[in-house]
Chemist: 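Next up is a structure, given as structure tokens.
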Amino acid sequence: QVQLVESGGGLVQAGGSLRLSCAASGRTFSSSTMGWFRQAPGKERERVAIINWSGGLTYYADSVKGRFTISRDNAKNTVYLQMNSLKPEDTAVYSCAAARVYSIDSDRYDYWGQGTQVTVSS
């Protein structure tokens, strides 16, 4: 059983940065794969970044590669998404999620946070 709460979203100008945090409760966090997903109005949900339990294996969507960095601190039960060089097309609701196994498929994620809005103005 995992509970996830995102924070750190907001309004930022293009080219700016934000750091999202996802605080997890539950003993399974340290052994869970964690992912960030986003969904813009009228668009499909897309995977953004994924990190395995140790932090040694990561995945990034091509659209964010080189700009975003996912990390985790298991001692703090927290996963982060550092977002740099933000673009208007990054505007979306960002949600963190936990999976039992490493996967880029959102259907494999059993626990989801409520999401945090990121808006990038031009």
Chemist: Would you mind reporting whether Arg38 and Val118 have side-chain heavy atoms less than 4.5 Å apart?
Modeler: no
Chemist: What about Val64 and Tyr109, same hydrophobic cluster or not, with Ile/Leu/Val/Met/Phe/Trp/Tyr joined at side-chain heavy-atom distances under 4.5 Å?
Modeler: no
Chemist: Give the minimum heavy-atom separation between Gly115 and Ser95, together with the two atoms involved.
Modeler: CA-OG, 3.6 Å
Chemist: Could you work out, with salt bridge (Lys or Arg N to Asp or Glu O under 4.0 Å) as the rule, every residue matching Asp105, not counting sequence neighbours?
Modeler: none
Chemist: Kindly work out whether a path of hydrophobic side-chain contacts (I/L/V/M/F/W/Y, heavy atoms less than 4.5 Å apart) joins Phe37 to Tyr59.
Modeler: yes
Chemist: So which heavy atom on Arg72 is nearest to which on Asn52, and how close?
Modeler: NH1-O, 2.8 Å
Chemist: I need the Cys96 SG to Ile70 CD1 distance, nearest 0.5 Å.
Modeler: 9.0 Å
Chemist: Honestly curious: do Val120 and Leu20 fall in one hydrophobic cluster under the side-chain, below-4.5 Å linking rule?
Modeler: yes
Chemist: First locate atom OG of Ser7, then atom OH of Tyr94, and finally report the distance between them rounded to the nearest 0.5 Å.
Modeler: 15.0 Å
Chemist: Tell me every residue that passes side chain to side chain contact (heavy atoms under 4.5 Å, CB included) with Gln3, counting only those two or more places apart in sequence or in another chain.
Modeler: Ser25
Chemist: If every non-hydrogen atom of Ala24 is compared with every non-hydrogen atom of Leu4, which pair is closest and at what distance?
Modeler: CB-CD2, 3.5 Å
Chemist: Could you state whether Tyr102 and Tyr60 fall into the same hydrophobic cluster, counting links through intermediate Ile, Leu, Val, Met, Phe, Trp or Tyr residues with side-chain heavy atoms under 4.5 angstrom apart?
Modeler: no
Chemist: Between CD of Gln13 and OG of Ser122, what distance do you get to the nearest 0.5 Å?
Modeler: 9.5 Å
Chemist: Rounded to the nearest 0.5 Å, what's the gap from OG1 on Thr33 to CD1 on Ile104? Could you check?
Modeler: 12.0 Å
Chemist: Minimum heavy-atom separation for Ala98 and Ser32, please, with both atom names.
Modeler: CB-CB, 4.4 Å
Chemist: Under 4.5 Å between any side-chain heavy atoms of Asp90 and Arg67, yes or no?
Modeler: yes
Chemist: So how far is it from Thr78 OG1 to Met34 CE, rounded to the nearest 0.5 Å?
Modeler: 9.0 Å
Chemist: Where is the tightest heavy-atom contact between Asn84 and Ser17, given as atom of each residue plus distance?
Modeler: OD1-OG, 2.9 Å
Chemist: Can you confirm whether Arg47 sits close enough to Ser106 that some side-chain heavy atom of one is under 4.5 Å from a side-chain heavy atom of the other?
Modeler: no
Chemist: In this structure, are over 12 heavy atoms from other groups packed under 6.0 Å from Trp53 atom CH2?
Modeler: no
Chemist: Return the CH2 to CD distance between Trp112 and Glu6, rounded to the nearest 0.5 Å.
Modeler: 9.5 Å
Chemist: Just wondering, do Ser63 and Glu46 contact through their side chains at under 4.5 Å, heavy atoms?
Modeler: yes
Chemist: Should Leu81 and Tyr111 be regarded as members of a common hydrophobic cluster, given that ILVMFWY residues are connected when their side-chain heavy atoms come within less than 4.5 Å of each other, either directly or indirectly?
Modeler: yes
Chemist: May I ask you to say whether Lys65 pairs ionically with Asp62, meaning some side-chain N is under 4.0 Å from a carboxylate O?
Modeler: yes
Chemist: For a side-chain contact (heavy atoms from CB on, under 4.5 Å) check, start with the C-alpha distance between Gln117 and Leu11, then their side-chain angles and the critical distance, and finish with the verdict.
Modeler: CA-CA 8 Å; Gln117 177 71 46; Leu11 175 64; over 6 Å; no
Chemist: Which heavy atom in Leu18 sits nearest to a heavy atom in Leu86, and how many Å separate them?
Modeler: N-CD1, 3.9 Å
Chemist: For Tyr80, what residues pass the ring pair (Phe, Tyr, Trp, His ring centres under 6.0 Å) criterion, not counting sequence neighbours?
Modeler: none
